[in-house]
Amino acid sequence: MRPRMDKTFNPQNIETQLYQEWEEKGYFKPSGKGEAYSIMIPPPNVTGSLHMGHAFQDTIMDTLIRYKRMDGNNTLWQVGTDHAGIATQMVVERKLANEEGKTRHELGRDEFIKRIWDWKAESGGTITKQLRRLGASVDWDRERFTMDDGLSEAVKEVFVRLYQDDLIYRGKRLVNWDPKLHTAISDLEVENKDKKGNMWHLRYPLADGVTTKDGKDYLVVATTRPETMLGDTGVAVNPDDERYQDLIGKEVILPLVNRRIPIVADEHADMEKGTGCVKITPAHDFNDNEVGKRHQLPMINIFSKDAAILPNGEGYTFDGKELSLDAPIPADLHNLDRFEARKAIVASFEAAGLLEGIEDNAMTVPYGDRSGVVIEPLLTDQWYVRVAPLAEPAKKAVEDGEIQFVPKQYENMYFSWMNDIQDWCISRQLWWGHRIPAWYDAEGNVYVGRDEAEVRRENNLADDVSLSQDEDVLDTWFSSALWTFSTLGWPENTEDMQVFHPSNTLVTGFDIIFFWVARMIMMTMHFIKDENGKSQVPFKTVYVTGLIRDEHGDKMSKSKGNVLDPIDMIDGIDLETLVQKRTGNLMQPQLAQKIEKNTRKTFPGGIEAHGTDALRFTLAAMASTGRDINWDMNRLEGYRNFCNKLWNASRYVLMNTEEHDCGANGGDMQFSLADRWIQGQLHKTIKQVRQHLDAYRFDLAANTLYEFTWNQFCDWYLELTKPVLFKGNEAQQRATRKTLVSTLETLLRLMHPLMPYITETIWRNVAPLANIDGDSIMLQSYPAFDESLVNQQAIDDLEWLKQFVVGIRNIRGEMDISPSKPLSVLVKNASGEHQRRMDENLTFLQAMAKLDEITVLAAGEKGPASSTALVGDMEILVPMAGLIDKDAELARITKALDKAEKDFARTQGKLSNEKFVSNAPEAVINKEREKLEEFRLAMEKLKEQKATIESL
RNA sequence: GGGCGCUUAGCUCAGUUGGGAGAGCAUCGCCCUUACAAGGCGAGGGUCACUGGUUCAAGUCCAGUAGCGCCCA
């Protein structure tokens, strides 16, 4: 297919069609040839849709993959999605409620899971469809899903082996409990919000007639959660706090429940804060839990799974054993929700005269990001991975440079987490996920195995022993942690494992270094060994991206209504639809008005279509050093214009080469200075772009391409081909046509990884002219730098030509002489080199500066009163007669002279500094001397010129 | 409180081993010149957050201050 090229660039007309063709023809598959290069996509949430962060990361991954593919590697970009336990379960639950008015419990577990699979088949492909719009060259035939058979097999295998290695255990510990969803959740799913709350000061009477230093028979503890006092098992004071020294080891009588609890000394108590006394509730607060552990206080759980008050506190020791301890709770509190209980307890304290006071208090409260309710730290039975032993090799791999982070400072973040690592709670009280491969008998003994039959066999359990499988499923991150190898067919030792593992580059956000990156490293190094038994790393480089924020630097979020959808930037969206999209389905509908107002203000005309290539190029251009990006629509528009520029430049090339002899089959060719120059510039560009891509500096790569394309190729080279194509002889035309075609063809290949669609479209038109027979630019080789094609003489000559042309354009601009008015100019002090350059490039000079004649003045000849420009030590004179305004010219000269004088003075100052001359390197000094001479010359000429004009 | 990062033109950002401050957009002139008005040609615009130090020379290296952001507690 050779696409047509309209006058303006219309991305909609080309993108989808090209992508389908690429996919159908299997261009995204590994070639099977060359050195392997693989990237494993961070699997997006199957319920999700593409956001700017995905677009950013996917652009970078695709750029790398396309670059390596063209450069001859056997490339695999592995794609897939994760099953997103909670999110997916909730989506289907909601659907079930809306459509059938049923809960999942009414449906039953098996039927509900079946419904999830139905949903997935129907609606689970949103994000992968969007990924296609971005041009992502992933191998779709290998698409994986964390719940599919192969990956589930890997999950089971890993669980069983870790258990056998004593790296997985079951225990009763504190977790982030979501009282609405009835499951443990990970820290990542907890949103900490700053809230205004209260600090209650409660009196705890001292036992045994003890009094404080100032004679009081009670202590005052300050707390933000009075309701948890029912589970207090201690009061802590700071060991250095003189106020309470005598009381350490004594006891208080816990009000309402009349339990004696000890006063302990612990650093956790902050002398500056409140009264310096804190209540310790080890079963309901993470900090208190640590304190309790240090002082061997019992844990007393007072909450049900709904976070309502129990009739009796449940006591446990820190090794999870039940404690027979009497912790009754007053009957009027039973079954009260935690916030109701708070009111009731505060009221009771007040009634008993034990409420010392209430203060306002700013605090951070954890909310479940899915349920929106306050998370309760709760003691529950969960499965844990013992992480410390796994962390050691994982740390070492980064220390030794086996895995490198780009940018490097993120290694600190990695180490800080790995050095203070907590065991990982991997079980979730959900239905959707990998069911934990553990079975219990009637006595509560636990057996772990790949299936029930294996459990019976391994443990000699008769068929009549009844076993029931653990109801819980595994954290989604557990299966994600296996992603790099489970997707390649592990536990089978597949050929893919041998070829594509370890993968090369992981592209991800800094926010999941802990949750995902570190865990992948640990899991991979534990399970995957090379032929010598050495642990393999999952990837060699981790490229960490920053966050994409809105134009004011605010995080994009639904509730702020500042989310930008990458697809909207590609296809465009009208204002009304955008407003609807941003204000619909809000958790807090009262925000709608404000969001609407802001949206109308920011996007009065909606968002125009910019196309995928412009979006990708913008993302690449803004991808510097892993820091956050403040999204700028103006940049996007600028790069859309850039696409249009490339498009039209290509049209120019095609118009002048199609149906002409472009020298593809030889013939006489006489290359112009411009031809030789642009080839050199192109190769310098190739070298730089490769360097930048290799260094993950996509911003610099994009800038280099932009600069070459617009400022060299379009602004100078294309203009310089016009005189040749209009007036040159056959050999000159043939040479220039050949250069036009080959430069553009190479440039397109160089750009392709960043802008796949536009380059493919143009390339298919250009390639035949260069005698290249290929179906797709994707499969062509990436341009290689050839130093022999960089012609320094041509570069110097063309720089001279530019100076000449710009000098005249300058005069035109400042003197208001129309660019269309031809000028005759004179040159003074034209040495041999200047003369040669003029002789060789007269046509170029005439065309580019719109000149009639150039007259060379003899030595000593003054010439008429003129406005002048300098090219090195040569002076160009544009005669003033009838053209130039005396005052304007004087103003222009004065300004230029000022600048020259300043430059001269500064340079002279440097050179007359004895210390500079004796310390600075020779090259620097020489450069300064050259500059001085240049400025001196300019001053001289300008003064002379000024005098001439003044005397008129 | 500990750690990391940021502060450069009106806006969004580059600035490699220290050696004449850059880009895009925006602004101001002139131009519908047969690739492109999503364009061409030209111009203006910066105490490189602040203070001190090292150096012949600092946006760049060091120390401190202020503001902002992130991670951890």
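Chain A is the first sequence line, chain B the second, and so forth, proteins listed ahead of strands; every chain is numbered from 1. Everything numeric here is computed off the predicted structure, so don't read it as measured data.
The cationic group of A:Lys722 lies under 6.0 Å from the six-membered ring centre of A:Tyr652 and within 45° of the ring axis, placing it in a cation-pi geometry. Figure legend: cation-pi geometry between A:Arg549 and A:Trp631 absent, as NZ or CZ is not positioned both under 6.0 Å from the six-membered ring centre and within 45° of its axis.
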Any N/O pairs under 3.5 Å between the protein and nucleotides 40-43 of chain B? List them or say none.
from: B:G40; atom 1: OP1; to: A:Lys645; atom 2: NZ; distance (Å): 3.0
from: B:G40; atom 1: OP1; to: A:Trp710; atom 2: NE1; distance (Å): 2.6
from: B:G42; atom 1: O3'; to: A:Asn810; atom 2: OD1; distance (Å): 3.4
from: B:A43; atom 1: OP1; to: A:Asn810; atom 2: OD1; distance (Å): 3.4

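In the set B:U12, B:A14, B:A38, B:A14 carries the atom at the smallest distance from any side-chain atom of A:Leu700. For A:Arg640, the listed nucleotide lying nearest its side chain is B:A38; candidates were B:A35, B:G19, B:A38. With distances taken from any side-chain atom of A:Asn641 to the nucleotides B:C4, B:G39, B:A35, the minimum falls on B:G39. Nearest nucleotide to the A:Met655 side chain, out of B:A38, B:A35, B:A14: B:A35.
B:G18 and B:C62 are spaced 13 Å apart, taking the C1' atom of each and rounding to whole Å. Straight-line distance between the C1' atoms of B:U65 and B:C28: roughly 40 Å, to the nearest whole Å. Distance check on atom P: B:C61 versus B:A14 gives 15 Å, rounded to whole Å. If you take atom C1' in B:A63 and the same atom in B:C25, they sit 38 Å apart, rounded to whole Å. Using C1' as the reference atom, B:C32 and B:G40 are 10 Å apart when rounded to the nearest Å. The C1' atoms of B:U60 and B:A43 are separated by 30 Å, rounded to the nearest whole Å. Spacing between B:G46 and B:G39 at atom C1', rounded to whole Å, works out to 29 Å. On the C1' atoms, B:A9 is 14 Å away from B:G15, given to the nearest whole Å.
If you measure from atom CD1 of A:Ile548 to atom C1' of B:U12, you get 13 Å, rounded to the nearest angstrom. A:Ile629 has its CD1 atom 10 Å from the C1' atom of B:C13, to the nearest Å. B:A57 atom P lies 9 Å from atom CG of A:Asn919, rounded to whole Å. Put simply, CD1 on A:Ile925 is 11 Å from C1' on B:A57, counting in whole angstrom units. A:Tyr410 has its OH atom 10 Å from the P atom of B:C6, to the nearest Å. In this entry the distance linking CG of A:Asn703 with P of B:C13 reads 14 Å, nearest Å. Following rounding to the nearest Å, A:Leu851 (CG) and B:U33 (P) show an atom-to-atom distance of 20 Å. Put simply, CG on A:Asp554 is 12 Å from P on B:U12, counting in whole angstrom units.
A 3.5 Å limit on both hydrogen-bonding distances identifies no Watson-Crick or G-U partner for B:C48. Judged by Watson-Crick or G-U wobble contacts below 3.5 Å, the nucleotide B:U54 has no partner. Across every strand in view, B:C25 sits in a pair with B:G10 that passes the Watson-Crick or G-U test at under 3.5 angstrom. Nucleotide B:C68 has B:G5 as its partner under the Watson-Crick or G-U criteria, with both atom distances under 3.5 Å. Nucleotide B:C30: paired with B:G40 (Watson-Crick or G-U wobble, both distances less than 3.5 Å).
A:Phe713 and A:Phe708 have parallel rings, their planes meeting at less than 30° on a 0 to 90° scale where 60° marks the start of perpendicular. Ring geometry, A:Tyr410 versus A:Phe510: the interplanar angle falls under 30°, so the pair is classed parallel (tilted spans 30 to 60°). Taking the six-membered ring where the residue is Trp, A:Phe514 and A:Trp417 present parallel rings, their angle staying beneath 30° rather than reaching 60°. Using bins of under 30°, 30° to 60° and over 60° for the plane-to-plane angle, the ring pair A:Trp647/A:Phe9 lands in the tilted bin.
Contact check on A:Glu928 versus A:Lys910 returns a salt bridge, with a Lys/Arg side-chain nitrogen under 4.0 Å from an Asp/Glu carboxylate oxygen. Using a cutoff of 4.0 Å between basic side-chain nitrogens and carboxylate oxygens, A:Lys902 and A:Asp898 are not scored as salt-bridged. Classification of A:Lys931 and A:Glu934 as a salt-bridged pair fails, no side-chain N sitting under 4.0 Å from a carboxylate O. Salt-bridge check for A:Asp903 with A:Arg906: passed, with a basic side-chain N closer than 4.0 Å to an acidic carboxylate O. Residues A:Lys927 and A:Glu930 are not paired through a salt bridge, judged by the lack of any N-O separation under 4.0 Å between the basic side chain and the carboxylate.
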(request) Quick one, give me the B/S/- string for nucleotides 67-73 of chain B, reading 5' to 3', where B means a protein heavy atom under 4.0 Å from the base and S means that only happens at the primed atoms, P, OP1 or OP2. (result) ---SSS-

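Using a 4.0 Å heavy-atom criterion, one finds that A:Tyr706 contacts the sugar-phosphate atoms exclusively. Contact annotation for A:Asn630: backbone-only contact, meaning every heavy-atom pair under 4.0 Å involves sugar-phosphate atoms and none involves a base. Using a 4.0 Å heavy-atom cutoff across all strands shown, A:Asn634 reaches sugar-phosphate atoms only and no base atom. Residue-level contact check: A:Glu719 touches the bases, meaning some heavy atom is under 4.0 Å from a base atom. Nucleic acid contact for A:Cys643: none, since no nucleic acid atom lies under 4.0 Å from a heavy atom of the residue. Residue-level contact check: A:Arg697 touches the backbone only, with heavy atoms under 4.0 Å from sugar-phosphate atoms and none from bases. Among the protein residues, A:Arg651 comes within range of the sugar-phosphate backbone only, with heavy atoms under 4.0 Å from sugar or phosphate atoms but none that close to a base.
Residue order along RNA chain B, read from the 5' end via each residue's closest nucleotide, puts A:Gln409 first among A:Gln409 and A:Ser818. Mapping A:Trp631 and A:Ile817 onto RNA chain B by nearest heavy atom places A:Trp631 closer to the 5' end of the strand.
Here A:Asn648 does not reach the OP1 or OP2 of B:G39: none of its side-chain N or O atoms lies under 4.0 Å away. At the phosphate of B:A35, OP1 or OP2 sits under 4.0 Å from a side-chain N or O atom of A:Lys722.
Each of A:Asp675, A:Thr657, A:Asn656 was compared with A:Thr736 under the side-chain hydrogen bond (donor to acceptor under 3.5 Å, both in side chains) criterion, and only A:Asp675 meets it.
Side chain of A:Asn648 to main chain of A:Asn644: a donor-acceptor pair is present (N/O by atom type, distance under 3.5 Å, no hydrogens or angles).
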